[in-house]
Amino acid sequence: MFDVNTIRKDFPILSRQVNGKPLVYLDSGATAQKPECVIEAVNRMHREQNANIHRGVHHLSEEATSMYEAARERVREFIGAAAREEVIFTAGATASINTVAYAWGEEFLHSGDNIIVSEMEHHSNIVPWQLIAQRKGAELRVLPFDDEGRLMIEKLDELLDTRTRMVAVTQASNTLGTRPDLKTIIDKAHSVDAVVMVDGCQGVVHGGVDVQALDCDFYAFSGHKLYAPTGIGVLYGKQSLLEQMPPFLCGGDMVDRVSFERTTYAPLPLKFEAGTANFVGAIGLGEAVGYLQTLDLKAVEEYERDLTAYATELLSAIDGLKIYGTTEDKCSIVSFNVEGVHPYDMGMILDKLGIAVRTGQHCAEPVMTHYGVTGMCRASMAMYNTREEIEALHRGVERAVRMLR
């Protein structure tokens with residue numbers, strides 16, 4: 001059985017107060033809180049083991065290098081990658097997607113080609129594709145979603161053709177919670193020899209991933225949404241593709257030999273890890289993954305589903321409240337507005353009650369445009385939230401409605 005009270009003890013910040021009220025943290029979709037073991041791993045690195053990796057023969061450097069590569073192996077196992085060469089540490093999912101857009105795009109995208117992105121994407125999985133398409137003279141096509149938040153995969157056949165080179169799609173929408181049928185999308189893309197970039201920021205946390213079973217070509221996620229530090233992320237790519245791609249950033253650690261006549265590159269994964277790595281963040285990410293591996297992740301997923309259903313039930317009963325994204329298999333995100341109440345005002349009143357939710361466009365302005373709104377309130381839940389906190393959110397929203405409407 002999943003014991004949320006035991007889990008909560010692992011997260012020190014959850015015991016604090018905000019505005020004199022117990023903290024109710026419902027913004028994990030933006031960044032998740034960190035368990036004690038991750039905090040301690042990062043602190044220990046700074047106190048006892050801080051040294052640059054891959055470049056020293058002294059004890060601290062070798063120790064840090066070993067821990068960094070152990071973190072890579074732990075991530076490889078967690079996402080089901082076939083080889084360590086397929087796991088690249090980056091600054092986050094944004095950096096991962098930009099790496100693919102630039103390095104893959106420079107090698108494989110040409111004038112007259114097209115890229116397909118879904119309408120529900122985070123800006124980080126839209127703008128890089130716009131820029132590379134403009135540079136290369138390619139077309140950007142959009143796969144829409146319906147008013148329930150369901151990605152309209154039946155329209156994909158109309159968009160795909162022999163000049164489609166890339167399909168970029170989320171594993172779980174950061175605004176609607178929608179989980180598209182990725183396997184069908186990937187199979188259809190592969191049928192025309194297109195590759196697929198999956199934004200896994202929400203999906204890797206809520207349900208996980210097996211990249212080999214999914215057969216995606218690229219997969220990106222950020223550590224800070226997976227209970228790890230900020231400033232660290234992962235790019236997974238099939239080794240055959242990564243080997244054909246030129247480097248994105250250049251400098252130390254990604255080179256083999258450098259002369260003024262010619263430079264050769266280090267083998268994977270270092271070819272895409274230029275400069276001094278965020279080795280502390282990577283080790284923290286490895287610790288977060290190790291923490292998750294001690295849990296029954298199926299039980300965690302079921303618990304989060306229950307929280308989402310409970311939040312949906314309570315909030316739906318409030319007069320004038322509209323929930324955006326009502327697909328059955330959504331992850332633990334509930335975005336909403338209340339008629340006559342601005343989402344920023346709602347968020348500020350909830351904050352006075354110690355309740356943290358996200359307000360605004362959630363870096364998904366095309367989603368706002370679809371629904372004709374300027375912003376939404378978003379409650380994003382994690383395994384450390386409770387039904388009592390959902391009830392506090394419900395009471396807080398009701399109170400805000402009475403005050404503002």
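Hydrogens, waters and symmetry mates are skipped; everything else that's a heavy atom, side chains included, is used.
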Legend entry - Short N-O contact, R395 and E398, less than 4.0 angstrom: no
Legend entry - salt bridge (Lys or Arg N to Asp or Glu O under 4.0 Å) against R165, all qualifying residues, sequence neighbours excluded: D113
Inset, instruction - Drop me the distance from T264's OG1 to R257's CZ, to the nearest 0.5 angstrom. - result: 7.0 Å
Inset, instruction - Determine yes or no for a side-chain-to-main-chain donor-acceptor pair under 3.5 angstrom, with N278 supplying the side chain and T90 the backbone. - result: no
Inset, instruction - Check A382 against Y227 and note the closest heavy-atom contact, atom names and distance. - result: CB-OH, 3.6 Å
Legend entry - C331 vs E304, side chain to side chain contact (heavy atoms under 4.5 Å, CB included): CA-CA, chis, key distance, verdict: CA-CA 8 Å; C331 72; E304 291 179 345; over 6 Å; no
Inset, instruction - State whether the side chain of N125 and the backbone N or O of I97 hold a donor-acceptor pair below 3.5 Å, judged by distance alone. - result: no
Inset, instruction - For D217 and H190, work out which heavy atoms get closest and say how close. - result: OD2-NE2, 2.8 Å
Inset, instruction - Answer yes or no: is there a side-chain heavy-atom contact under 4.5 Å between M254 and F272? - result: no
Legend entry - Test item: side-chain donor near acceptor, S335 and T175, under 3.5 Å: no
Inset, instruction - Report yes if some heavy atom in the side chain of V100 is under 4.5 Å from a heavy atom in the side chain of M166; otherwise report no. - result: yes
Legend entry - Residues E391 and R387 bridged, charged N to O under 4.0 Å: no
Legend entry - Of all pairs that satisfy side-chain hydrogen bond (donor to acceptor under 3.5 Å, both in side chains), the ones with a partner from residues 98-111, not counting sequence neighbours: none
Inset, instruction - Can you measure from NZ (K183) to CD1 (I186) and round to the nearest 0.5 angstrom? - result: 6.5 Å
Legend entry - Worked check of side chain to side chain contact (heavy atoms under 4.5 Å, CB included) between E339 and K322: CA-CA 8 Å; E339 185 180 358; K322 176 180 175 60; over 6 Å; no
Inset, instruction - Begin from the C-alpha positions of V401 and M346 and carry the test side chain to side chain contact (heavy atoms under 4.5 Å, CB included) through to its verdict. - result: CA-CA 8 Å; V401 170; M346 173 68 72; 4.2 Å; yes
Inset, instruction - Keeping to residues at least two apart or across chains, list the side-chain hydrogen bond (donor to acceptor under 3.5 Å, both in side chains) pairs with something in residues 36-45. - result: none
Inset, instruction - Determine the minimum heavy-atom distance between T359 and G347, stating which atoms define it. - result: CG2-CA, 3.7 Å
Legend entry - Evaluation steps, side chain to side chain contact (heavy atoms under 4.5 Å, CB included), between E85 and L242: CA-CA 9 Å; E85 289 81 4; L242 293 174; over 6 Å; no
Inset, instruction - Write out all pairs satisfying salt bridge (Lys or Arg N to Asp or Glu O under 4.0 Å) with one or both partners inside residues 54-68, taking only residues at least two apart or from two chains. - result: R55-D253
Legend entry - Short side-chain to backbone donor-acceptor contact, D345 and M348, under 3.5 Å: no
Inset, instruction - Kindly give the heavy-atom pair with the smallest separation between P269 and I88, and that separation in Å. - result: CB-CG1, 3.9 Å
Legend entry - Exam field: side chain K155 to backbone E158, donor-acceptor pair closer than 3.5 Å: no
Legend entry - Atom CZ of R47 with >12 non-hydrogen neighbours under 6.0 angstrom: yes
Inset, instruction - Please round to the nearest 0.5 Å and tell me the distance separating atom CD1 of I132 and atom CG of L109. - result: 6.0 Å
Legend entry - Test salt bridge (Lys or Arg N to Asp or Glu O under 4.0 Å) applied to R305 and E301, step by step: CA-CA 6 Å; R305 287 179 189 273; E301 187 177 5; 3.0 Å; yes
Legend entry - Side chain to side chain, I232 and F89, heavy atoms closer than 4.5 Å: yes
Legend entry - Matching residue for V280 among M45, M67, Q49 - test: side chain to side chain contact (heavy atoms under 4.5 Å, CB included): M45
Inset, instruction - Decide yes or no on salt bridge (Lys or Arg N to Asp or Glu O under 4.0 Å) for D256 and K271, but give the supporting numbers first. - result: CA-CA 9 Å; D256 175 27; K271 183 171 78 168; over 6 Å; no
Inset, instruction - Side-chain contact test, heavy atoms from C-beta onward, threshold under 4.5 Å: evaluate it for T162 versus V192 and give yes or no. - result: no
Legend entry - N/O donor-acceptor pair under 3.5 Å between S173 side chain and T178 backbone: no
Legend entry - K225 side chain to V204 backbone, donor-acceptor under 3.5 Å: no
Legend entry - Donor-acceptor contact below 3.5 Å, side chain E119 vs main chain V142: no
Inset, instruction - Calculate, to the nearest 0.5 Å, the distance between atoms OH and OG belonging to Y219 and S96 respectively. - result: 11.5 Å
Legend entry - Residue pair H54 / E69, side-chain donor-acceptor N/O under 3.5 Å: yes
Inset, instruction - For E328, look at atom CD and say whether over 12 heavy atoms of other residues, nucleotides or ligands are found less than 6.0 Å away. - result: no
Legend entry - Distance, nearest 0.5 Å, that separates CZ of F221 from CG of D199: 11.5 Å
Inset, instruction - State which residues pass side chain to side chain contact (heavy atoms under 4.5 Å, CB included) with A51; sequence neighbours excluded, sorted by chain then number. - result: H58, L60, S61
Inset, instruction - State, to 0.1 Å, how close A93 and S222 come at their nearest heavy-atom pair, and which atoms those are. - result: N-OG, 2.8 Å
Inset, instruction - Measure from the side-chain N and O atoms of S259 to the backbone N and O of E261, and report whether any donor-acceptor pair falls under 3.5 Å. - result: yes
Inset, instruction - Please confirm whether the backbone N or O of H362 pairs with a side-chain atom of N174, one donor and one acceptor, at under 3.5 Å? - result: yes
Donor-acceptor list for residues 5-14 side chains, cut-off 3.5 Å, not counting sequence neighbours:
{"residue": "T6", "atom": "OG1", "partner": "D3", "partner atom": "OD2", "Å": "2.7"}
{"residue": "R8", "atom": "NH1", "partner": "Y384", "partner atom": "O", "Å": "2.7"}
{"residue": "R8", "atom": "NH1", "partner": "E389", "partner atom": "OE1", "Å": "3.4"}
{"residue": "R8", "atom": "NH1", "partner": "E389", "partner atom": "OE2", "Å": "3.2"}
{"residue": "D10", "atom": "OD2", "partner": "Y291", "partner atom": "OH", "Å": "2.8"}

Inset, instruction - Might you point out which heavy atoms bring F78 and L292 nearest each other, and give the distance in Å? - result: CZ-CD1, 4.1 Å
Legend entry - Rounded distance [0.5 Å steps], CE in M383 versus CD in Q33: 11.5 Å
Legend entry - D146 (side chain) donor-acceptor with E148 (main chain) under 3.5 angstrom: yes
Legend entry - Side-chain heavy-atom pair Y324, N337 within 4.5 angstrom cut-off: yes
